[in-house]
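Since the structure comes first, as structure tokens, the remarks are kept for the end.
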Amino acid sequence: MPATVQEELSTEDRFLQAFEGLSDEAKNGTVEAVQGRRRRAIEQFEALGFPTNQLEAYKYTNVAKALRHEYRIAPAEAAPQASTEEVEALLLPDLDAHVVVTVGGRYSEERSDVGALPNGAFVGSFAEGANAHPDVFDAHYGQYADFESEAGDPEQSAMTALNAAFAQDGLFLYVPEDVALDKPVYALHLPSAGDEPLFAQPRHLFVIEENAEARLIEMRRAPEQREHAPGSFTNAVREAYVGAHGHFDHYIVQDEGAGASQHTTFDAYHETESVFDTLTVTLSGDLVRNNLTITPAGEFCESHLNGLYLGSGEMHVDNRTIVEHAAPDCVSNQLYKGILEDDATGVFNGRVHVHRGSQRINAYQSNKNIVLERSAQIYSKPELEIYADDVECSHGSTTGELDEDAIFYLRSRGIPAERARAMLLGAFARDVVESVRSEPLAAWLTDEVGARYGAGQALGVGS
Amino acid sequence: MPLLEIEDLHIGIEDTEILRGVDLNADGGEVHAIMGPNGSGKSTLAKVLAGREEYEVTQGSVHYDGEDLLEMEAEERAQEGVFMAFQYPVELPGVSQQNFLKESVNAVREAQGKEELGAADFIKMVREKSDLVDLDEALTKRSVNEGFSGGEKKRNEIFHLAMLEPRLAILDETDSGLDIDALRIVADGVNQLRDSDRAFVIITHYQRLLNYIEPDYVHAMVDGQIAKTGDKSLAVELEERGYEWLSGDGVAESKASEGNASENGAATEPEEAAVA
Ligand SMILES: Nc1ncnc2c1ncn2[C@@H]1O[C@H](COP(=O)(O)OP(=O)(O)OP(=O)(O)O)[C@@H](O)[C@H]1O
Ligand SMILES: [Mg+2]
């Protein structure tokens, strides 16, 4: 047997072993909806193994290969801490929010500052939420990121199954019928400090019931004093349910430094006349793979999915999106933009699937990339799969360099070359940033993009 | 010493020579018009003066205010007072005209040792200068040139010119695409900006513009060279006769007074151009 295969097997075996080694508390410490799935989940993972680039959906992103090294499969019991100062430094200026903090995948009661919530709403720990709302978990947990269902893409279920086997904690957001959160929820995810690479598996569930409203900003950050040890990996799963007439805005920023890899699965399901809006921003990372699946299941739904990825160094960022138009009269709008430099690689694979009978769908999908250096690479594949005849769908993908004529135009007006470049890159990212319905986050993103490309520099004279 | 001194300038791109020995002197207070057939090299000359790097200077020199212009970066030239209004202004989606102008104006001011413009002064200046070219103020708030009509783009270029107050202004076919009223407005704007320190180089196909902006010199550019220089009557003659008579070996007599022209700063003798 070739050595690589043996190594691959041993990678999965490590997880099987770790699963058997889970304490009773870790196995059973949550509600039936969670614990009842663990055994079947680990069995499914065992059958599938980590995704390799033999799978079409992982053609450019070999997860199995990225996991062959040593790391600790983090026991979820540990409750690492962060200081108040660390958290405060990472809040968004001018954002008045319900603040929740996780450290190393564990909800931190001490650092969270949820404040007063409208009646019946829950913002906090997944583990606690499961105990407080077992009925909600019964109804929703594992229903959308469903490793057992044949629907969706079986290629995508290995990581979901692995997460379901180990899931302990993360966020739970519950907004009952007719309730609107008047403030956004700001979730800060920090890694646990340490030199040892960890494999963490947070699990999040967001339930926005009929006619309810919420906005969630998730930030995965790793400040200097708690950088991920190289080789760290997070396998996160998110599920969102938005009831009829509900509205859920979800923004996530992935910025955890060059040592952190992650695979995220986000499955959102929304009902009649609801709005679901999500943005995925990737600013740093080693290997980052995001699987986003949205199912507008009722009529007159609006789904917005946007993305922005800024790749540098050796970063590899892969966004795969699927929109399942299972009901007629819906609109989906998708815009993913990337800027890549150095040896970074960007992958975009978006699929819009209009089911039979889903008439009068408007689906737009666009992926645009700027490659700053020849050494950076981009693979873009937008796909439309349409089984209805009365629809309006479009998709497109462009990849190019910065426009020399535009740079010259700015320079000929006295603006230094570096600054001209920064202005144009900021302008490129602008429509994605402006899709954000939170001023403080939009402002923060604008600054991040500006700072990345040197817009912060004082105006120089010539060069 | 003239403000702009172009000597025997040869410009190529890849293996083609586009400019084949251009001489031109322009001093503060002067207006020079350049006319010439399509593809004769007028825009190339303008872009080389503004600092476009894709063109290769194979021979000759350009001095601006006594300094070697070709050694300077594009932004440095702008900061030192060189301005080109583009024949085809570039659309910059997502770049707000306000921010762009604020940076542009302040980069130029800083280089010239002037104080940065405050927000209130900037707004006042925008209002003043957009009035000068009758540019709809809404356009000063949009993305630069994005979705502007052809005429609006041209007016916007003159608006930038007015904002930056350069010493050497090169206008590349700013009159093309303007309706007759806009033409007059743009011309009036330029005329108001004429002063003894500022030189204009105006590239145009139409003598009409020169009725409004009276040039001191008219240069006919043919095939990468200045084939003839004269006063404003040359523009009338060119419009009547075309350029054919200027290419090839023989250069016909011009009604313009050549002696006067060369004495006053246009360096190229018609004879010289013809034999080069
Ligand atoms: N970047 C370039 N690459 C290749 N050829 C070029 C380039 N720029 C200009 N040329 C060529 O050089 C010649 C002169 O072009 P230029 O734009 O200077 O002409 P022009 O006199 O401004 O013409 P018009 O009146 O049509 O604006 C043309 O044949 C043109 O195709
Ligand atoms: Mg031209």
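Just so we're on the same page: letters track the sequence lines, and every chain starts at 1.
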Is the shortest heavy-atom distance from the side chain of [X] to the side chain of [Y] under 4.5 Å?
X	Y	answer
Lys368(A)	Ser366(A)	yes
Met219(A)	Tyr186(A)	yes
Tyr251(A)	Val281(A)	no
Glu165(B)	Arg198(B)	yes
Ser332(A)	Ile294(A)	no

Subject >> Option from Tyr64(B), Phe200(B), Phe83(B) for which side-chain contact (heavy atoms from CB on, under 4.5 Å) with Leu168(B) holds >> reply: Tyr64(B)
Original post:
Given that the side chain runs from C-beta out, which part of Glu404(A) has a heavy atom under 4.5 Å from chain B: side chain, backbone, both or neither?
Top reply: both
Original post:
Hey, what's the ring geometry for Tyr336(A) with Tyr309(A), parallel, tilted or perpendicular (30° and 60° as the breaks)?
Top reply: tilted
**OP:** Determine the interplanar angle of the Phe100(B) and Tyr409(A) rings, folded into 0 to 90°, and report it as parallel if under 30°, tilted if 30 to 60°, perpendicular if over 60°.
**Re:** parallel
Original post:
How about residues 120-148 of chain B versus chain A: which residues have heavy atoms under 4.5 Å apart?
Top reply: Val144(B), Asn145(B)
Subject >> Greatest number of heavy atom pairs closer than 4.5 Å to chain A - which of Glu91(B), Glu53(B), Arg77(B), Met163(B) >> reply: Glu53(B)
**OP:** Look at Lys47(B), Met84(B), Arg52(B) and state which one has the largest set of heavy-atom pairs under 4.5 Å with chain A.
**Re:** Arg52(B)
Subject >> Output field: ring centroids His250(A)/Phe266(A) closer than 6.0 Å >> reply: yes
Original post:
Do the side-chain N and O atoms of Gln334(A) and Thr321(A) include a donor-acceptor pair separated by under 3.5 angstrom?
Top reply: yes
Original post:
Does the salt bridge (Lys or Arg N to Asp or Glu O under 4.0 Å) test come out yes or no for Arg411(A) and Glu75(B), once each step is laid out?
Top reply: CA-CA 5 Å; Arg411(A) 292 179 70 190; Glu75(B) 53 266 42; 2.5 Å; yes
Subject >> Under 4.5 Å from a heavy atom of chain A, the part of Val95(B) involved >> reply: both
Subject >> Proximity of residues 424-432 of chain A to chain B, residues having a non-hydrogen atom under 4.5 angstrom >> reply: Leu424(A), Ala427(A), Arg430(A)
